[in-house]
Asker: 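Below is a structure I'd like to ask you about.
So that the names make sense, note that chain A is the first sequence line, chain B the second, and so on, each numbered from 1.
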Number of protein chains: 2
Amino acid sequence: MIAIAPLQSQPVRSYASSVLPLPRQQCAGCRLHRFCLPTGLSGIQNSQFDSIVIHRRVLKDEPLYKMDDPFRSIYAIRLGHFKTHQVSRNGFEQIAAFHMAGELVGLDGLGTDRHQCYATALEDSEVCEIPYSKLEQLFTEIPPLLRQFHRLMSEELTREQTAMLLLGNLRAEQRFAAFLTNLSARYSARGYSATSFHLRMSREDIANYLGLTIESISRIIARLKARGLVSISNRDVELLDLPTLRALSIGELTVH
Amino acid sequence: MIAIAPLQSQPVRSYASSVLPLPRQQCAGCRLHRFCLPTGLSGIQNSQFDSIVIHRRVLKDEPLYKMDDPFRSIYAIRLGHFKTHQVSRNGFEQIAAFHMAGELVGLDGLGTDRHQCYATALEDSEVCEIPYSKLEQLFTEIPPLLRQFHRLMSEELTREQTAMLLLGNLRAEQRFAAFLTNLSARYSARGYSATSFHLRMSREDIANYLGLTIESISRIIARLKARGLVSISNRDVELLDLPTLRALSIGELTVH
DNA sequence: CGATGTCTTGAAGTGGTTCAAGTCACGTGG
DNA sequence: CCACGTGACTTGAACCACTTCAAGACATCG
């Protein structure tokens with residue numbers, strides 16, 4: 001589980017002041033280096049990259065950026081969790097993804113020079129802001145950086161396609177199983193437990209992401225508990241039978 | 001509507017032979033230039049770009065690439081339509097997007113060096129194959145090309161997020177209205193009629209894309225016809241009341 | 001002109017929603 | 001430390017949108 005450094009609570013939580021600058025740190029020593037943009041760079045390249053990064057803190061429930069904000073930077077999550085969500089004209093919200101430490105957010109703004117969604121912190125978090133104009137300059141100087149940038153962007157595309165497959169084809173229970181096993185795999189890749197973790201998002205967020213209602217989520221959890229597949233109390237999750245959950249999520253099993 | 005050049009039918013339609021080379025053509029004169037990758041390039045830059053492009057023909061129902069194929073190129077659609085679709089382990093298919101002339105496909109392969117989905121021609125089509133290794137070289141020489149590449153990739157991300165919003169939040173009728181108005185806008189941007197076009201995909205494909213059944217599609221079409229909003233016979237569509245369809249698709253109206 | 005695949009229409013069934021009460025967790029203040 | 005209040009989550013019963021199953025109509029093409 002990701003340890004959260006104790007943060008003194010900020011009395012002022014307005015948008016402008018919620019994205020707080022922090023002292024500069026170095027990428028080379030970052031625990032998440034191999035997931036991030038400067039993966040595979042040489043020492044000199046790494047410090048070139050370091051020099052454009054701005055370290056910031058974002059408080060829980062505060063936006064890192066909002067829909068329609070001018071696009072200036074992309075962000076690597078250093079600590080904490082975010083959700084990216086669109087809001088349609090008539091007020092419907094759809095969460096497109098949950099992002100954890102080591103992932104990149106903000107790529108949505110590249111196309112139109114304005115962000116196409118909100119990015120909101122699910123808990124007090126820290127990000128590395130990477131000004132895009134400066135990054136673009138580095139691309140010409142450091143080709144491997146460009147390659148990794150494309151790789152991460154493409155992975156984002158694939159992730160969204162998989163989420164569509166989930167929303168379009170799976171039943172409620174399968175969707176939730178897929179959600180759990182996906183989190184499990186991502187935590188596992190980052191060196192955390194694959195079977196025991198804490199949900200950073202509310203039932204409402206989960207329901208929204210999966211295209212369901214919170215009541216359905218509750219009922220599904222109750223059913224999975226009853227079969228001994230999971231143990232969930234509040235937001236603490238334990239996956240008791242990962243293979244069966246995986247099988248469920250790809251539709252091999254149906255539990256009635 | 002896009003005119004299809006008469007193609008002599010190919011007796012052999014195997015995968016390998018279905019992606020046929022065609023004589024080289026120039027991007028500068030292409031009708032779709034302003035949607036495509038080399039938008040905004042100078043004359044010299046354009047011919048640099050021309051030199052790496054391979055022109056190909058793909059026959060109806062044939063794959064341009066398959067899931068797990070090694071990633072080597074991206075493709076600009078010059079003529080015709082494609083669908084990109086994922087297939088999950090247990091055989092479920094999900095169409096991620098329909099692509100028309102002027103759009104880029106193949107970006108999904110960048111992350112893992114293998115394509116993450118299928119791209120299949122909905123009709124006899126022509127594409128401009130752009131080998132990625134050569135494109136990468138041009139990026140360093142032609143910065144505007146890189147910018148446009150990122151723009152197109154980001155737009156793809158946004159499109160998929162919007163599709164997720166659709167699958168997660170809208171009712172069947174709203175989804176179909178959104179589908180129609182989306183096609184309308186894209187044809188309109190390309191200089192074709194916004195209200196009258198031909199569907200290149202089957203009801204089955206539409207249903208799959210929208211996360212519904214073909215029966216539901218049929219019934220929705222019947223209802224929209226009955227209200228005088230559309231006139232659809234077979235795959236020929238006429239949008240009789242575009243404003244109402246738009247309103248429907250964003251959930252402002254509900255037609256029971 | 002018949003065969004085949006695609007699309008439409010009808011009737012019954014159901015998974016998930018909606019509405020409405022609870023229950024639980026947690027922070028606040030007495 | 002415990003009572004209280006609030007927001008998050010759970011559970012139950014009724015409903016409905018969409019699916020499923022089944023049949024029939026229509027288009028297309030050898």
Side-chain angles (χ1 to χ4, degrees), chain A residues 9 11 60-61 83 92-95 122-123 166-180 198-226 230-237 248 251 253-256, chain B residues 4 6 9 11 13 60-61 83 92 94 122-124 166-180 198-226 230-237 248 251 253-256:
Chain A
S9 69
K60 183 178 179 185
D61 295 328
K83 62 176 174 182
F92 281 121
E93 184 187 352
Q94 173 69 38
I95 295 173
L122 293 172
E123 60 189 328
L166 181 151
L167 284 172
N169 284 302
L170 301 193
R171 307 216 147 283
E173 201 163 75
Q174 298 177 307
R175 292 186 201 184
F176 186 72
F179 168 73
L180 288 180
H198 186 78
L199 297 173
R200 296 332 197 280
M201 65 296 284
S202 65
R203 299 284 191 269
E204 194 177 349
D205 281 347
I206 298 172
N208 179 298
Y209 176 64
L210 298 177
L212 301 168
T213 58
I214 54 167
E215 292 95 329
S216 289
I217 301 297
S218 261
R219 280 185 252 271
I220 290 161
I221 289 176
R223 261 183 281 163
L224 295 183
K225 270 182 185 171
V230 300
S231 152
I232 300 181
S233 89
N234 304 322
R235 297 189 177 184
D236 288 317
V237 174
L248 241 183
L253 287 176
T254 324
V255 179
H256 283 291
Chain B
I4 310 296
S9 70
R13 291 198 150 216
K60 183 177 178 185
D61 294 327
K83 64 176 174 182
F92 281 120
Q94 173 69 38
L122 294 172
E123 60 190 328
D124 291 350
L166 182 150
L167 284 172
N169 285 301
L170 300 192
R171 306 215 149 283
E173 201 164 75
Q174 299 177 308
R175 292 187 203 183
F176 187 71
F179 169 73
L180 288 180
H198 186 79
L199 296 173
R200 295 331 196 283
M201 66 296 284
S202 66
R203 298 284 191 270
E204 194 177 347
D205 281 347
I206 298 173
N208 180 298
Y209 176 63
L210 298 177
L212 301 168
T213 58
I214 54 167
E215 293 95 328
S216 290
I217 301 296
S218 262
R219 281 185 252 270
I220 289 162
I221 289 175
R223 262 182 281 162
L224 295 182
K225 270 182 184 169
V230 300
S231 153
I232 299 180
S233 91
N234 305 322
R235 296 189 178 183
D236 289 316
V237 174
L248 240 183
L253 288 175
T254 323
V255 180
H256 282 292

Asker: Of the options D/dT19, C/dT8, D/dC9, whose atoms approach the side-chain atoms of B/R203 most closely?
Answerer: C/dT8

Asker: Between atom NZ in A/K225 and atom P in D/dT10, what is the gap in whole Å?
Answerer: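 Answer to the nearest Å: 6 Å.
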
Asker: Calculate the interatomic distance between A/R223 atom CZ and D/dT11 atom P; express it in whole Å.
Answerer: 12 Å

Asker: At less than 4.0 Å, is any side-chain N or O atom of B/R171 found next to OP1 or OP2 of D/dC16? Yes or no.
Answerer: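 Negative; the distance criterion is not met.
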
Asker: Calculate, to the nearest 0.5 Å, the distance between atoms CD and CD1 belonging to A/E215 and A/I220 respectively.
Answerer: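 So the CD of A/E215 and the CD1 of A/I220 are separated by 11.5 Å.
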
Asker: Indicate yes or no: at least one non-hydrogen side-chain atom of A/L224 is less than 4.5 angstrom from one of A/I232.
Answerer: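 They are not in contact (no side-chain heavy atoms under 4.5 Å apart), so the answer is no.
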
Asker: Among residues 211-222 of chain B, which contact DNA chain D at a heavy-atom distance under 4.0 Å?
Answerer: B/G211, B/L212, B/T213, B/E215, B/S216, B/R219

Asker: B/L248 and B/A177: which non-hydrogen atoms are nearest, and at how many Å?
Answerer: CB-CB, 4.0 Å

Asker: Under 3.5 Å between N/O atoms: give me all the protein pairs with nucleotides 27-29 of chain D, atom names plus distance.
Answerer:
none

Asker: Side chain of A/R200, backbone of A/L122: donor and acceptor closer than 3.5 Å?
Answerer: no

Asker: Can you tell me how far C1' of C/dG27 sits from NZ of A/K60, to the nearest Å?
Answerer: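 So the NZ-C1' distance, A/K60 to C/dG27, works out to 13 Å.
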
Asker: Rounded to the nearest angstrom, tell me the gap between atom CD in A/E204 and atom P in D/dC9.
Answerer: 8 Å

Asker: So what does A/R175 hit on the nucleic acid, given a heavy-atom distance under 4.0 Å: a base, only sugar-phosphate, or nothing?
Answerer: nothing

Asker: More than 12 foreign heavy atoms under 6.0 Å from CD of A/E93: is that the case here?
Answerer: yes

Asker: How close or far is atom P of C/dG15 from atom CD of A/Q174, stated in whole angstroms?
Answerer: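 After rounding, the gap between these two atoms is 12 Å.
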
Asker: Starting from C1' on D/dC18, measure out to CG on B/N208 and report it in whole angstrom.
Answerer: 16 Å

Asker: Provide, to the nearest angstrom, the distance between the CG atom belonging to B/L170 and the C1' atom belonging to C/dG16.
Answerer: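 From B/L170 CG to C/dG16 C1': 17 Å.
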
Asker: Check whether any side-chain N or O of A/R235 sits under 3.5 Å from a backbone N or O of A/H198 as a donor-acceptor pair, and report yes or no.
Answerer: no

Asker: Can you tell me how far the CD1 atom of B/I206 sits from the CG atom of B/L180, to the nearest 0.5 Å?
Answerer: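 Atom-to-atom, B/I206:CD1 and B/L180:CG are 7.5 Å apart.
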
Asker: For B/F179 versus B/L199, what's the shortest heavy-atom pair and its separation?
Answerer: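 For B/F179 and B/L199, the tightest heavy-atom pair comes out as CE2-CD2, 4.2 Å.
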
Asker: How long is the line joining CG of B/D205 and P of C/dT6, in whole Å?
Answerer: 10 Å

Asker: Is a side-chain donor or acceptor of A/R203 paired with a backbone partner of A/N234 at a separation under 3.5 angstrom?
Answerer: yes

